[in-house]
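The chains referred to below are lettered A, B, ... by the order of the sequence lines, with proteins before strands, and numbering in each begins at 1.
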Amino acid sequence: MSKPNSTTSEPSSDFIRNIIAEDIKANKNDGKVITRFPPEPNGYLHIGHAKSICLNFGIAAENNGICNLRFDDTNPGKEATEYVESIKSDVRWLGFDWNDRLFYTSDYFEQLYQFAVQLIKKGKAYVCDLSAEEIRKYRGTLTEPGKKSPFRNRSVEENLDLFERMRTGKFEDGFCVLRAKIDMSSPNLNMRDPALYRIRRVSHHRTGDKWCIYPMYDFSHCLSDSIEGITHSICTLEFENNRPLYDWILDELEVECHPRQIEFARLNLSYTVVSKRKLIELVENGHVNGWDDPRMPTLSGIRRRGYTPESIRNFCDSIGVAKRDSMVDMALLEYTVRENLNKIAPRVMTVLRPLKVIIDNYPEDLVEELEALNNPEDPGMGTRKVPFSRVLYIEQEDFCEDPPKKFFRLAPGREARLRYAYFITCVKAVKDEKTGEIVELHCTYDPKTKGGDSPDGRKVKATLHWVSAAHSIEAEVRLYDHLFNTVNPSDKKQAEDFKDCLNPNSRETLTLCRAEPSLAGALPGSRYQFERLGYFCVDSVDSSESKLVFNRTVTLRDTWVKIQKAQKKG
RNA sequence: CGGGGCGUGGCGCAGCCUGGUAGCGCGCCUGCUUUUGGAGCAGGAAGUCGGAGGGUCAAAUCCUCUCGCCCCGACCA
């Protein structure tokens, strides 16, 4: 009964949705489903977060539930308002709405503190004066048990007093921590008396200097989930080892709501990195131009690149959710944008690398306005007029003086169609005497083929895009390729430093492109298909009325490139 | 010599709980339609389910063992 794993329909069933379906069936949590997306505001969201967002908001929506957006802001040193704003706008852009369910762990600092007090009163937490280094030593190793802290048996009263003094700033940063009293010989190191609170005099982006102690992830996350009434706390695999601690804290505190933590494998995408730490490094070392560089796998980068939110959602639905580590091929992401853009992007003609074409037998002063479809996939998108005249530009690679097998574009003596215009025949290629470079083409046109069809039924193998030289407008076009040269730059077997895998040719800027006049005034962010080339969008940062700048979102599927590669291999 | 996970066509997943010789998407191949070498439609190749045993009439599905990969030793999340 599971639905096909289509890229356009509902996501197929996965183990998490199965668990939730069973819980609903068993009327657990009164049949309610409440999830949450809990980013730490210490960086920008990337495509991996999109998977989590789609999962959490998606599951809530499918089950008539709720999904909270909660900022896990317990480490003020690394967090900032800039990040919370970017995260909010990215989630919104992706198409999800948290309504009034916007929360911050910092909203719970007082409650969390009281929970800690409760734990102390139960004799389940203590203030430990060991230094960070000492704690590490006492913790033992993977194969050896740890040692008990000499402060482990302080009285409840003493701990209560000490903890309050931690809060009121009586100790220096790092002087002591509050620890859970669990089991120093547990095979799970997370259970060897983990730190719950640390002293840190850093002002917080929301609470300012109100606090000098901050709760650790393990303590705050489960309790925040509980406070919000989360039913299913979905997180990534690396937290699997933390689950016993998640459950321990909620059990000890006897809270009314004890969410079920479920872990899934994070997304890995080929030819890029999906790790906040690595992305920060790329930004800070200037390997890219900021978080929204169109080559970045950040949502802001992907958005600037021209991807649609719908295509990202379809992508997330089609990759599935499981527990095994895997590497999703970037080609699938590209497929989902093409699939989406093919339906909605208006077609337009733009020549990236212009080659002048003179139609010898076309009247010097004539200009015809030819009708062109805005989208052959959707006649409802209407038509537009494109000017045609004696001097045109076509793509350099659409002409070949000595065409190889299967090349069926323009060549000396060969006839081809100019889209929506006429059949033209190349009569002569003019070369630069010194470089041998082809400078311009002389062609003739067949007036009877106006519109692109010959009344005698004559066929041509190729249809080329073109622009009228006099009417076309200048544009800058930025072509992008994979940010990295290797499938998995994070693989230490590939390179010690992932930055060594950076693709030096990940961006190529073309400044002399010629676009059809209808593109004048194109709005930032608007997306087009440049016929035969790919999908492009107006850059939202650098484009202006006086200077159009386009980003190539993705090329069209290119069979000719494939044939050429096959021919090279023999 | 610790603990926790995972292993199904090239890639990503479903199926496993309630055994009956494997399914989907992408990719790949062929043909047809087509004024984007785009797109659509039709068809096709490709896996014996990490490996080995065991019980069963019958296992990817149950049991045992084994191999491989990932995660855990921040006062990060």
- Note on the structure: Per atom distances to the A:Lys78 side chain, the nearest of B:rC76, B:rG5, B:rC75 is B:rC76
- Query: Who does B:rA59 pair with, Watson-Crick or G-U, both distances under 3.5 Å?
  - Reply: none
- Could you check whether A:Arg139 gets within reach of a base, just the sugar-phosphate, or nothing at all, counting any heavy atom under 4.0 Å? sugar-phosphate
- Item | Who pairs with B:rG37 - Watson-Crick or G-U, where each distance is under 3.5 Å | none
- Message: Less than 4.0 angstrom between a side-chain N/O of A:Asn18 and OP1 or OP2 of B:rG15, yes or no?
- Response: yes
- Any A:Arg557 side-chain nitrogen or oxygen under 4.0 Å from OP1 or OP2 of B:rC28: yes
- Item | side-chain N/O A:Arg136 vs B:rA74 OP1/OP2, d < 4.0 Å | yes
- Message: Please confirm whether the shortest side-chain N or O distance from A:Arg198 to OP1 or OP2 of B:rC76 is below 4.0 Å.
- Response: yes
- Query: 5'-most contact on RNA chain B: A:Lys459 or A:Thr143, nearest heavy atom basis?
  - Reply: A:Thr143
- Nearest-angstrom distance, P atom, B:rG54 to B:rC41: 49 Å
- Judged by whether its glycosidic angle lies within 90° of 0, B:rA74 is syn
- Can you tell me how far P of B:rC75 sits from NZ of A:Lys137, to the nearest Å? 14 Å
- Atom-to-atom span, CG of A:Leu245 to P of B:rC75 - whole angstrom: 13 Å
- Message: Tell me the interatomic distance from A:Asp378, atom CG, to B:rU34, atom C1', rounded to whole angstroms.
- Response: 17 Å
- Query: Nearest nucleotide by nearest heavy atom, which residue falls closer to the 5' end of RNA chain B, A:Phe175 or A:Asn342?
  - Reply: A:Asn342
- Message: Which nucleotide wins on minimum distance to the side chain of A:Asn75, given the candidates B:rC76, B:rG37, B:rG2?
- Response: B:rC76
- Distance below 4.0 Å between A:Thr74 side-chain N/O and B:rC76 OP1 or OP2: no
- Query: At under 4.0 Å between heavy atoms, what does A:Glu144 touch on the DNA or RNA strands: base, sugar-phosphate, or nothing?
  - Reply: nothing
- Task: Let me know the distance between CD of A:Glu22 and P of B:rC17, rounded to the nearest Å.
- Result: 13 Å
- Scanning all shown strands, the Watson-Crick or wobble mate of B:rU30 with both distances under 3.5 Å is B:rA42
- Using whole Å, report how far NZ of A:Lys323 lies from C1' of B:rG4. 9 Å
- Taking a pair to mean Watson-Crick or G-U wobble geometry with both distances below 3.5 Å, B:rG23 pairs with B:rC13
- Is the aromatic ring of A:Tyr217 within stacking range of B:rA77, meaning centres under 5.5 angstrom and planes under 30 degrees? no
- Message: Over all strands shown, is A:Leu237 touching base, sugar-phosphate only, or nothing at heavy-atom distances under 4.0 angstrom?
- Response: nothing
- Give one of base, sugar-phosphate or nothing for A:Val460, where a contact means two heavy atoms less than 4.0 Å apart. nothing
- Look at the side-chain N and O atoms of A:Arg200 and state whether any lies under 4.0 Å from the OP1 or OP2 oxygen of B:rC76. yes
- Query: From the list B:rA39, B:rC75, B:rG37, which nucleotide is the closest neighbour of the side chain of A:Glu377?
  - Reply: B:rA39
- So, do A:Phe219 and A:Tyr197 have ring centers that fall under 6.0 Å from each other? yes
- Could you check which nucleotide pairs with B:rC69 in any of the strands shown, counting Watson-Crick or G-U wobble with both distances under 3.5 Å? B:rG5
- Item | Atom-pair distance (CG on A:Asn190; P on B:rA74), nearest Å | 10 Å
- Task: Using the six-membered ring wherever Trp is involved, compare the ring planes of A:Phe484 and A:Phe498 and label them parallel, tilted or perpendicular (cut-offs 30° and 60°).
- Result: tilted
- A:Arg167 to A:Tyr113 six-membered ring, cation-pi geometry met (6.0 Å, 45°): yes
- Query: Between B:rG25 atom P and A:Glu334 atom CD, what is the distance in whole Å?
  - Reply: 21 Å
- Base paired to B:rA77 (Watson-Crick or G-U; both N/O distances under 3.5 angstrom): none
- Charged N-O contact under 4.0 Å between A:Arg206 and A:Glu79: no
- Item | Interatomic distance where CG belongs to A:Asp325 and C1' belongs to B:rC11 [whole Å] | 15 Å
- Electrostatic pair A:Glu40-A:Lys78, nearest N-O below 4.0 angstrom: no
- Message: Please tell me if A:Arg324 has a side-chain N or O lying less than 4.0 Å from either OP1 or OP2 of B:rU8.
- Response: yes
- Verify the contact: side-chain N or O of A:Arg532 to OP1 or OP2 of B:rG37, cut-off strictly under 4.0 Å; return yes or no. yes
- Task: Would you mind classifying the nucleic acid contact of A:Ser326 as base, sugar-phosphate or nothing, using non-hydrogen atoms under 4.0 angstrom?
- Result: sugar-phosphate
- Note on the structure: Side-chain contact check for A:Asn241: nearest option of B:rC72, B:rA74, B:rU36 is B:rC72
- Note on the structure: Side-chain contact check for A:Pro376: nearest option of B:rU36, B:rC76, B:rG73 is B:rU36
- Check ion pair A:Asp225-A:Arg70 (N to O, under 4.0 angstrom): yes
- Item | Base partner of B:rA52, which must satisfy Watson-Crick or wobble distances under 3.5 Å | B:rU64
- Query: Do the ring planes of A:Tyr217 and A:His221 sit parallel (below 30°), tilted (30 to 60°) or perpendicular (above 60°)?
  - Reply: tilted
- Qualifying residue, where the test is side-chain contact (heavy atoms from CB on, under 4.5 Å) with A:Thr298 and the options are A:Asp90, A:Leu279, A:Ile47: A:Leu279
